[in-house]
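Here's the structure, in C-alpha cells; my notes come after.
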Amino acid sequence: MPQTSPQAAVLTELEPVVAENLDRHIRMAKEWHPHDYVPWDEGRNFAFLGGEDWSPEQSRLDATAKAAMFVNLLTEDNLPSYHREIATRFGRDGAWGQWVGRWTAEEGRHGIALRDYLVVTRGVDPVELERARMDYMTTGYDSGDKSPLEAVAYVSFQELATRVSHRNTGRATGDPVADKLLARIATDENLHMIFYRNLVTAAFDIDPDETMKAVATEVMNFEMPGANMANFRKNSTIIAKAGIYDLRLHHDEVVAPILRTWKVFDRSDFGPEGEQARERLAEFLTGLDAQATRFVESRERMRARMAAKGETPVQV
Ligand SMILES: [Fe+2]
Ligand SMILES: [Fe+2]
C-alpha cells in the first residue's frame, strides 16, 4: 500500500484510536487460565505410554459437537497466519504492534484450552486432529489483498462470528465443562470484536466514503477462514443444520448489529461513492435475509421429517 494513499492516511489518523482502545481492552480483559477449565482427572495415557489409544466410543460428543469443536480449534490453530496478516498490514510499531502481540497471545490461549479439553476428555480423534492441524497450518491462511480498512472491517465481523460460533458450540456439546470453556473464550472474542469495531467507527468519521466502500466489500464477500481446512464443507453444513452458525445468525447476530453500531443506514455524510456502496450493501442484505429465511425454512422441514421418523434433530 503506497504511503500516499488515502487509506494510509486513515491508518495514521487511527493510531491514537488504536492506543486508546488497547488501553480499554487491557482494562476490560480479565485474566483466565486454560488449565482451570480442563477436567484433568478424566485424562489417561495413550498407547505410546502404555495406555489405550483413542476410539470413537470414548467421546462424549455427538457428531455435531465433534464437527464444531474440530472447526473451532483448527480455526484458532492457524494463528501464525493471522498474526502474519495483521502484523504485515498494520506494522509492529507503537500501539498497533502492542495490540497485535496482545491479541495473538489471547488467541493462542484459546487453542491451548480447546486442545487440552479435547485430548483429556477424548472428545475427538487426536491423530486426525493433529494431521488436520499440520495440513491446515502448512497451507496457511491468506486473506488476499485487502486494504487496511477492509481488513479492520473484516475482523470486526469475523471476531463476532467466532464469538457466536464458540458460544453455540458450547451449548451443542451438552457438556457443562465445555460450555463453560467456550463461553469464556466467546467473552474474549467479544472484546476483540469491540476493539476492531471501534476502529471502524472512528474510520467512518475520518473518511466516510472509503470506510463505507470497505465495509460494503467485506460484508458482500465475507467468508470465515477455514475454506482450505480438512472437511470444511461437510463440517460447515453440520454446523449450520444444528444452528451453531448459519445464515440467519450471520445476518441477525453478526452483520446487522455491527452495521447498526456504525449507523451505516442513518449517516448523511457520504459522497457519491459512499452512497453507491451503501446502496449495493442494502441490496445485498435484502438478498442475504431472503436466503437466510429459505435456509431456516428448509431446515424446519428437515427437522419435521426427522421428528416424524422418530429421530432427534440436533439443534442449539
Ligand atoms: Fe479465538
Ligand atoms: Fe478473537
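Whatever order the structure lists them in is the order used to number ligands and atoms, beginning at 1.
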Below 3.5 Å, can you tabulate the donor-acceptor pairs from side chains in residues 252-260 to any protein atom, sequence neighbours excluded?
unit_1	atom_1	unit_2	atom_2	d
D252	OD1	R248	NH1	3.0

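- Protein N/O/S atoms closer than 2.8 Å to the Fe ion (ligand 1): E76 OE1, E76 OE2, E107 OE1, H110 ND1, E189 OE2.
- Annotation: cation-pi geometry satisfied between R122 and F46 (NZ/CZ under 6.0 angstrom from ring centroid, within 45° of ring axis).
- Each ring pair (Phe, Tyr, Trp, His ring centres under 6.0 Å) pair with one or both residues in residues 105-151, not counting sequence neighbours, appears once here: Y82-Y141.
- Note that K180 lies outside the cation-pi zone of Y37, set by a 6.0 Å cut-off to the ring centre and a 45° limit from the axis.
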Could you give the side-chain donor-acceptor pairs of residues 268-280 under 3.5 Å, partners two or more places apart or in another chain?
unit_1	atom_1	unit_2	atom_2	d
D269	OD1	R267	NE	3.1
D269	OD2	R267	NH2	2.9
E273	OE1	K213	NZ	2.4
E275	OE1	R278	NH2	3.2
E275	OE2	R278	NH2	2.9
R278	NH1	V264	O	2.8
R278	NH1	R267	O	2.9
R278	NH2	R267	O	3.3

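- Of all N/O/S atoms in E159, OE1 sits nearest the Fe ion (ligand 2).
- In this pair, W262 and F204 present their aromatic rings tilted. The plane angle is within the 30 to 60° band.
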